[in-house]
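Structure record follows, encoded as structure tokens.
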Amino acid sequence: MRDTRHRLPHLHLPRHPHLSAALAALAALLLALLTPATSAHAAPTGFRVENGRLLEASGNDFVMRGVNHAHTWYADRLDALDHIKAKGANTVRVVLSSGDRWTRNDTADVANVVAQCKRNRLICVLEVHDTTGYGEQSGAVTLSRAADYWIEVRDALVGQEDHVVVNIGNEPYGNTDHTRWTADTKAAIQRLRAAGFDHTLMVDAPNWGQDWAFTMRDNAASVFAADPDANTVFSIHMYGVFDTAAEVSDYLGRFVAAKLPVVVGEFGHDHSDGNPDEDAVLSVTRQLGIGYLGWSWSGNGGGVEYLDMVENFDPDRMTSWGRRLFDGPDGIAATSEEAAVYRSGPGGDTTAPTAPGAPVASAVTSSSVALSWGAATDAVGVTGYDVVRVADGQEAVVASAAGTTATVTGLAADTSYTFAVRARDAAGNRSARSATVTVTTAPGPAAGSCAVGYRVTGEWPGGFQAEVVVRNTGSAAVDGWTLRWTFPAGQRITSLWGGTATQSGAEVSVAAAPYTATIPPSGSVSLGFTGTRSAAGADPTAFSLNGAECSAA
């Protein structure tokens, strides 16, 4: 992310041949003595990259789920880490300054940030922000200068390899001379390795982090090969350049196919350079098992205050962006898993939370119900709750929440449902099930109170992208909905935004997302999806909303 307070233009041992003859062994010894020694790095002691995946020291796959926090501009707001953890994050990316553009975060301060991350059981991604937009942004500094800074504060980081990822420099080139990114990034990585850094390193893309010219994408393999520890992760920032699901899927998919590690280091729901497809970012990263870090917790300025997840650092005043990222489909509460380093070893938390209070139902509609319950308690801290539907002795999670309320959507009209709640703590322990509540949904709307428009917006061999617009033509608001249709040919949805899709054969059912659940009279909501098909096929023509047939829009 560019500076949001001041200006926003937008990780070997030497090999010795086995010789059976004594003469050959002596020759090899002499050769070794006469040949200059080459530096060798120990195997990573913490995070490491294998086959394009980020692993912890334990060997567990680690998928980042978290947010960015603007520490260098709000040094007195480290309590934000407590709140970020409480919402379910497993990682925080912390903004630091080398002192070239803002107040320098010295060794003591960096050590304190790391300590606070560990206290809150968060993985700490540390980045230097002064490189932002180098070559285009006045005052921005080089990756070489960022490497200087990391070497200067190295004492705060040694021994923290299983808790800290070093993000060398934020958005290190603007749109000027961005082709220099490859050589400069290789040089910075090699300087840090020579200085004794055994951490996983993260490198941001040029073009203000968005890599529209594909410099990082097309040179990532050579940059990764230049790291003697083979322990570098690539970070793409997704704002206006990534405004379609196809672009998100294509960019991230190429890294996965090449077995090169990538994360979405920043993204938002809106931006001055366009409208990023945040639903696609969340959906595709879940499908590919890729990490993401939303921008940003709080404190944005310069016209991008809409990127705040909470107002004025108050965790009880979440914005629509914060609610989408933490509590929406494929969001942090639903997909985050705490790092194994915090769940293992002596003294690990093995005590489950107490059972929550029995849920209470309210705002019952034909397809949704709001539930609230009494809070659970835990020896360390409750991090979230799962609402489960109970039927025939089985249960299935139908909603997740960081707090003690949730709305279950996608229900059938005039149908009885039984729900209960379980609590989760940071170590992944789940509570006993709460008492249950049984709810019967209201009858569905009369036929003819909805209209649906469907159009294909893009096609490619074997695949396509489509948009669905659902209109409320009735006089009462639709509060929670499920849309159903049948594909006329062998078509399958691969990624959908604006709702949650399930498909059985040709039958498709889409339940509303929390942010699309309400459709006012004469209002509409839009869905989008990518899919596969063997050949150009006909479009679906019949749609039903909450069981009622819809007309064509």
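When reading the values below, keep in mind they use all heavy atoms of this one structure, side chains included, and skip hydrogens, waters and symmetry mates.
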Exercise. Does one side chain, of D211 or H178, offer a donor that lies under 3.5 Å from an acceptor on the other?
Worked result: no
Problem set entry | Salt bridge present between D148 and R191 (N-O < 4.0 angstrom) | yes
Problem set entry | Nearest heavy atoms of H237 and F242, plus distance in Å | O-CE1, 3.9 Å
For this session: From the options V264, T335, V248, D330, select the one residue that forms a side chain to side chain contact (heavy atoms under 4.5 Å, CB included) with T285.
Result: V264
For this session: Can you tell me which residue pairs pass the ring-ring contact (aromatic ring centres under 6.0 Å, His included) test with a partner in residues 133-174, sequence neighbours excluded?
Result: Y134-Y173, H163-Y342
Exercise. Between D308 and T319, does any side-chain donor sit less than 3.5 Å from a side-chain acceptor?
Worked result: no
Problem set entry | T383 and its side chain to side chain contact (heavy atoms under 4.5 Å, CB included) partner, picked from R424, K87, E338 | R424
For this session: Would you tell me whether T494 and T530 have side-chain atoms, one donor and one acceptor, within less than 3.5 Å of each other?
Result: yes
Problem set entry | Which residues share a side chain to side chain donor-acceptor pair (under 3.5 Å) with R217, sequence neighbours left out | none
Problem set entry | Distance-only polar pair, side chains of Q116 and R119, donor-acceptor under 3.5 Å | yes
Problem set entry | Sole candidate of T200, V125, V203, L157 that passes side chain to side chain contact (heavy atoms under 4.5 Å, CB included) when paired with V166 | L157
Exercise. Is D204 paired with R93 through a side-chain N to carboxylate O contact shorter than 4.0 Å?
Worked result: yes
Exercise. If you measure only the distance, is there a donor-acceptor pair under 3.5 Å linking the side chains of N300 and S296?
Worked result: yes
Exercise. How about W208 and D273: does a side-chain donor come under 3.5 Å of a side-chain acceptor?
Worked result: no
